[in-house]
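Counting convention: from 1, in listed order, for ligands and their atoms alike. Here, residue 1 is the first one in the sequence, and each next residue gets the next number.
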Amino acid sequence: MTSIIEPKLHKATDLLLKGEVVAIPTETVYGLAASIESNEGLKKIFALKERPFFDPLIVHVANFKQAATLTTDWLPLADYLARVFWPGPFTIVLPKASHVDPLITSGLDTVAIRYPAHPLAQELIHLVGPLAAPSANKFGHTSPTQPKHVQSEFPGANLLIVDGGTCEVGVESTVVSIDAEHVRILRPGAVTEEMIQAALRKWSHPVAVSRGSSQASPGSLKHHYMPKIPLVIVEPQKTASLAAELRLRIQNETGKPAQNAVELKLNDDPAIAARELYSEMRKISESGADCIYVVNRSDRQGMWSAIWDRLSRAATLDLTDAHSKSPQ
Ligand code: AMP
Ligand code: MG
């Protein structure tokens, strides 16, 4: 059994309507999609990903009407922000409508909704209806940004992968929960806190923006997005003495010393750094290296916030001055 990569949508549409799972492109990362109407399809997503049922899925829609039918409370503020940031990498958590399968929401009374910008994702949703789709990787692993990444995540699966090229954004969507006076950022992404603040300046009422703790977003576990080899974050001034330290620290952490650590260099432009992040992690993991290191930067503004969120969760060790995850 091998996966098939194809650019046309008729096979993908047939499979989704029959309750099968199909890998689809979005502008953030590739998703493993099933129709929200198919409980069987939804179960297959969790089985294929080996994803725990406590981690809820995002529902992808292709118009505002579909979004509004998924919630009991399509708040004016949600509508306003959706009109600013949709279609795009922006997911809104709202009270769930009763017809939404509890498998999607992990039994929570809220549902996460996004209108993706990728034209192939939109076309599929027009043909099939809303699709639940987490990233197309095994649970906890690095997300795929190219069809071949999906293939390498599920080598034995008979999986159709819709080829939409390389994902433009490269990291998962911004997730926010909204009530009348409050926007809480549960997961940072390409729609940045600064962009949300700027949009809210044109809204009729004052709205507080805060960053939620990772516990507020189920599934936002400390270790996530992990490449196949250890990833370490280091301070720039420590790179000279790095080799010896990594050998020892990785030995302590994993039982095997790191002999061949390779740097993942972040582009100075955060949009490019995000687009390349996961494919660089995969490239280095497959290059024969036994450790990836990333040099810390102080900037956490804008898109850097999402990049460092993913890097700190992907890291086996964080040797920066601010956060040391390893035992001293
Ligand atoms: P993924 O599609 O795998 O990138 O992850 C979807 C993420 O969206 C989950 O891991 C949660 O962090 C978040 N999410 C989905 N549904 C909800 C919800 N009802 N409440 C809060 N966060 C959610
Ligand atoms: Mg994921």
Is ligand 1 under 4.0 Å from a heavy atom in the side chain of [X], in the backbone, in both, or in neither?
| X | result |
| --- | --- |
| Arg51 | side chain |
| Lys96 | neither |
| Thr91 | neither |
| Thr110 | both |

Go through it in stages, so that I can follow the logic: the residues are Leu94 and Asp73, the test is side-chain contact (heavy atoms from CB on, under 4.5 Å), and I'd like the CA-CA distance, side-chain angles, deciding distance and then a yes or no. CA-CA 7 Å; Leu94 288 169; Asp73 204 357; 5.9 Å; no

Heavy atom of Thr105, distance to ligand 1 below 4.0 Å: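 Per 4.0 Å heavy-atom rule, Thr105 does not contact ligand 1.
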
Taking the inter-plane angle between the rings of His224 and Phe139 on a 0 to 90° scale, is it parallel (under 30°), tilted (30 to 60°) or perpendicular (over 60°)?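 Aromatic pair His224/Phe139 classed perpendicular.
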
Assign the ring pair Phe46 / Phe53 to parallel, tilted or perpendicular, where the plane angle (0 to 90°) is split at 30° and 60°.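 Judged by the thresholds at 30° and 60°, the geometry between Phe46 and Phe53 is tilted.
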
Short list, please: which atoms of ligand 1 are under 4.0 Å from a heavy atom of [X]?
| X | answer |
| --- | --- |
| Ala112 | 15 (C), 16 (N), 17 (C) |
| Val93 | 18 (C), 19 (N), 20 (N), 21 (C) |
| Ile58 | 2 (O), 6 (C), 8 (O) |
| Arg187 | 1 (P), 4 (O), 5 (O), 7 (C) |
| Asp55 | 9 (C), 10 (O) |
| Ser135 | 2 (O), 3 (O) |

Side chain to side chain, Val84 and Ile196, heavy atoms closer than 4.5 Å: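 In short, these two side chains do not touch, never coming nearer than 4.5 Å.
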
Hydrophobic clustering (ILVMFWY, side-chain heavy atoms < 4.5 Å, transitive) - are Met226 and Trp308 grouped together?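 As far as the 4.5 Å side-chain criterion goes, Met226 and Trp308 are not connected within one cluster.
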
Starting from Met303, can I reach Ile272 by hopping between I/L/V/M/F/W/Y residues whose side chains sit under 4.5 Å apart?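 No; tracing contacts between hydrophobic side chains, which count when under 4.5 Å, never links both residues.
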
Looking at [Y], is its backbone amide N or carbonyl O close enough to the side chain of [X] to form a donor-acceptor pair, meaning the two atoms are under 3.5 Å apart?
| X | Y | answer |
| --- | --- | --- |
| Tyr115 | Ala62 | yes |
| His99 | Thr69 | yes |
| Arg282 | Thr142 | yes |

Please name the residue in the list Leu9, Leu16, Leu131, Val128 that meets the side chain to side chain contact (heavy atoms under 4.5 Å, CB included) test with Val22.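 Of the listed options, the one satisfying the test is Leu16.
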
Under the salt bridge (Lys or Arg N to Asp or Glu O under 4.0 Å) rule, what do Asp101 and Lys43 come out as? Steps first, then yes or no, please. CA-CA 11 Å; Asp101 193 320; Lys43 280 191 201 144; over 6 Å; no

Please name all residues satisfying ring-ring contact (aromatic ring centres under 6.0 Å, His included) with Phe154, sequence neighbours left out, ordered by chain then number.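 So Phe154 forms no ring-ring contact (aromatic ring centres under 6.0 Å, His included) with any residue.
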
Polar protein atoms (N, O or S) that approach the Mg ion (ligand 2) to under 2.8 Å: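 Within the sphere that stays under 2.8 Å of the Mg ion (ligand 2), the protein atoms of type N, O or S are Ser135 OG.
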
What about Glu172: any of its N or O atoms under 3.5 Å from an N or O on ligand 1?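 Looking only at distances, the answer is no, because the N/O contact criterion of under 3.5 Å is not met.
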
